[in-house]
Amino acid sequence: MKDVNETAVTATAGLARRKFLNTAALAGLTFGAAACAEKKSESPSTPAAPAAPAASHGGPNIHLKPGELDSYYGLWSSGHTGDMRVLGIPSGRELLRIPCFVPDPLVGWGITNESKQVMGTKADGSLRYTVADTHHVHGSYKDGNYDGRYAFMNDKINARLCRVRLDYFICDKITQLPNVQGFHGIFTDKRDPVDPAIDYTTRVFCGGEFAIPLPNAGTEDATKYRSMFTCVDAENMEVRWQALISGNCDLVATSYDGKLAATNQYNTEMGAHFEDMMGAERDACLFFNVARVEAAIKEGKFKTIGNSKVPVIDASRDANKDPKTALCAYVSVPKNPHGVNASPDGKYFICSGKLSPTGTVIELSKVLDWFDGKLEKLDDAIAAEVELGLGPLHTTFDGRGNAYTTLFLDSQIVKWNLDAAIKFHKGDKNAKYVVDRLDVHYQPGHLSATQGETKAADGKFLAVGCKFSKDRFLPVGPLHAENEQLIDISGEKMVLLADHPVRSEPHDFIIFKPELVKPKQVYDLDDFPNAIKDPAQSGVFRNGKKVTVKLTSQAPAFSLREFKVKKGDEVTLILTNLDKIEDLTHGFAIPNHNVNFIVNPGETASVTFRTDEPGVYWCYCTHFCHALHLEMRTRMIVEA
Ligand code: RUQ
Ligand code: CUA
Ligand code: CA
């Protein structure tokens with residue numbers, strides 16, 4: 001196809017942007033120029049006439065009556081509040097925030113010893129990190145659909161991967177990737193590339209966006225910096241292997257047959273400053289042949305970096321030119337692509353152009369053909385490359401052959417048909433691949449359709465994360481909520497149904513059917529090795545200056561009415577909630593000791609603190625549990 005990057009910048013300067021888009025064949029703008037023009041003219045009314053209320057468009061009624069349950073779960077990454085959020089869809093109601101990387105005062109995440117152990121501590125027992133930046137959430141799979149075991153999410157700041165158990169909706173493991181900065185894209189694998197019995201997730205792939213010196217000695221010469229692609233074991237959360245690549249990693253996708261994992265690359269130039277990252281007309285989507293990578297590691301073809309024991313393979317361009325032995329393949333994609341998404345029929349990865357107004361459709365069987373020596377030119381795996389609009393970022397699917405791509409600069413979603421796009425690319429200029437466009441409010445990043453990243457994509461609803469809400473909600477000062485919008489995609493035309501304000505700033509999300517998870521609402525006492533199973537085991541147990549206080553809760557009382565410790569003790573207080581009724585959570589706060597946490601039914605949690613000041617401290621239940629909730633207390637008496 002023709003060069004889409006260099007033309008038309010000046011030609012469009014005087015045209016209203018939407019008019020231009022609607023009337024001109026998209027000749028293409030560079031992202032940078034378009035972004036600048038956008039900024040100058042930015043005002044609440046710029047992107048489009050304001051949407052009419054949803055009712056006037058028709059579409060299903062999504063206002064649930066009291067007591068009515070949602071028909072989908074949504075898992076949302078939170079951005080730099082570091083948690084994972086659970087939403088009901090279509091209502092958009094927030095049901096839970098699952099603390100992961102960052103302390104949470106409701107739960108006592110980062111306060112209890114159990115949560116600190118998951119989060120990671122320094123030698124002095126304090127938390128290693130209290131900031132994070134979560135971007136992407138993906139579930140574990142079985143047979144191409146979610147299996148309800150786990151969800152995984154990244155922390156870009158500190159290169160950490162967390163796992164959330166979807167039985168209790170809690171974070172149970174966090175792994176920091178060695179020698180990686182700016183860990184951005186993640187995706188779970190969907191089956192094993194070799195063993196047909198493993199038709200479920202056993203790996204999580206992680207893309208490193210920023211290049212650094214390896215090992216990281218503070219060298220200024222950026223030509224020596226490198227990025228890595230990482231594979232983590234989904235069960236034990238240990239790093240299995242890493243790949244030293246040319247260029248960088250942005251978003252990640254995996255194939256339904258387990259054979260391929262890929263990452264989009266916007267910086268094949270390996271530039272250190274943004275203007276250096278835009279030199280090449282085409283960047284790449286980098287495919288890993290998972291079976292070959294793991295066979296190479298078995299054969300000992302790896303090195304290690306610095307203190308890390310993780311095997312690192314050479315996935316650089318130069319070392320992987322011969323298809324017969326290549327561990328990876330660099331398929332070219334126009335200028336600075338962003339998202340890469342797998343179509344639910346298992347056939348294609350769609351790369352979104354970002355600085356190029358295009359979507360690139362890569363046929364996975366052809367990539368495998370190249371590895372098998374059956375395809376001469378790797379770029380012949382590109383089944384289509386079509387213009388979509390300005391600033392394409394992410395794509396989702398309805399399971400009926402259509403893709404939906406966010407256009408950041410156009411503040412639109414474009415619905416396009418994959419088969420028609422492929423026909424158009426092959427030369428049938430009558431093939432109309434754009435099915436519909438919908439204005440969203442404003443500047444959309446991720447979007448996700450119900451079940452859209454599974455083989456069971458059902459094409460009912462689509463949520464889109466709009467990065468700017470501008471005028472959509474009552475003003476509340478300078479910080480605006482983000483606007484998650486809900487769209488009905490069940491028909492030919494997309495219908496905007498609702499605006500959902502969300503606390504900044506979620507990035508990505510997945511939406512799936514409730515029957516795919518089996519949440520448990522009461523813990524088993526045996527889940528906790530330190531559980532106090534009988535109130536009679538309560539008491540104060542001293543070992544020199546170290547004191548253990550064992551306590552149970554049963555509404556409306558704690559098992560000890562008071563307990564005595566001494567000034568200067570290191571106290572570990574263990575609390576088991578013996579209430580076994582759903583929704584009977586207790587809290588435990590100790591004034592002046594920076595302690596507050598909850599214990600859910602059947603749960604045990606512990607805290608460790610020092611007693612510096614003699615006195616009486618009323619420890620009280622902070623979670624409303626009973627008519628006598630306010631009376632639910634115990635006294636800590638600290639003796640001089
Ligand atoms: S990225 S707005 Cu962090 Cu998912 Cu595309
Ligand atoms: Cu126990 Cu409130
Ligand atoms: Ca580039």
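Start at 1 and go down the list; that is how both ligands and their atoms are numbered.
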Just which atoms of ligand 1 are under 4.0 Å from any heavy atom in [X]?
X      : value
Gly445 : 2 (S)
His507 : 3 (Cu)
His135 : 3 (Cu)
His446 : 1 (S), 4 (Cu), 5 (Cu)
His136 : 1 (S), 3 (Cu), 4 (Cu)

Query raised in the report: Rounded to the nearest 0.5 Å, how far apart are CG of Leu575 and OG1 of Thr112?
Result: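 Answer for the CG-OG1 pair, Leu575 versus Thr112, is 11.0 Å.
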Query - From His626 atom NE2 to Cys621 atom SG, the distance as rounded to the nearest 0.5 Å - result: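 His626 NE2 to Cys621 SG: 11.0 Å, rounded to 0.5 Å.
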Query raised in the report: Rounded to 10°, how many degrees is the angle O/Met277-the Ca ion (ligand 3)-O/Tyr266?
Result: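 The O/O angle about the Ca ion (ligand 3) sits at 90°.
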**Report entry** Apex the Ca ion (ligand 3); atoms Glu269 OE1 and Asp283 OD1; angle rounded to 10 degrees
**Finding:**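 Taking the Ca ion (ligand 3) as the apex, the two atoms subtend 70°.
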Within 45° of the six-membered ring axis of [Y] and under 6.0 Å from that ring's centre, is NZ or CZ of [X] located there?
X      : Y      : result
Lys354 : Tyr266 : yes
Arg163 : Tyr150 : yes
Lys156 : Phe183 : no

Report task. Can you sort out the partners of Asp398 under side-chain hydrogen bond (donor to acceptor under 3.5 Å, both in side chains), two or more places apart, ordered by chain and number? Result ->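 In terms of side-chain hydrogen bond (donor to acceptor under 3.5 Å, both in side chains), with neighbours along the sequence ignored, Asp398 is linked to Asn402, Tyr404.
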Query raised in the report: Looking only at heavy atoms, is any part of His338 under 4.0 Å from ligand 1, and if so is it the side chain, the backbone, or both, or is it neither?
Result: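 Side chain only.
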Query - N, O or S of Asn267 under 3.0 Å from the Ca ion (ligand 3) - result: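 Not a single backbone or side-chain N, O or S atom of Asn267 is under 3.0 Å from the Ca ion (ligand 3).
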Return yes if some donor-acceptor pair links the side-chain N/O of [X] with the main-chain N/O of [Y] below 3.5 Å, else return no.
X      : Y      : value
His629 : Ala627 : no
Asp221 : Thr223 : yes
Ser78  : Met84  : no

Query raised in the report: Where is the nearest protein heavy atom to atom 2 (S) of ligand 1: which residue, which atom, and how far?
Result: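 Answer for atom 2 (S) of ligand 1: His394 NE2, 3.5 Å.
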Requested in this report: Given side-chain hydrogen bond (donor to acceptor under 3.5 Å, both in side chains), test His446 with His394 step by step and report yes or no.
Outcome: CA-CA 6 Å; His446 277 276; His394 296 282; 3.2 Å; yes
Query - atom 2 (Cu) of ligand 2: protein N, O or S atoms that are less than 2.8 Å away, sorted by chain - result: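 Checking every protein N, O and S atom gives Cys621 SG, His623 O, Cys625 SG, His629 ND1.
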Query raised in the report: Do we see a donor-acceptor contact under 3.5 Å between the side chains of His184 and Glu209?
Result: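 There is such a pair between these side chains.
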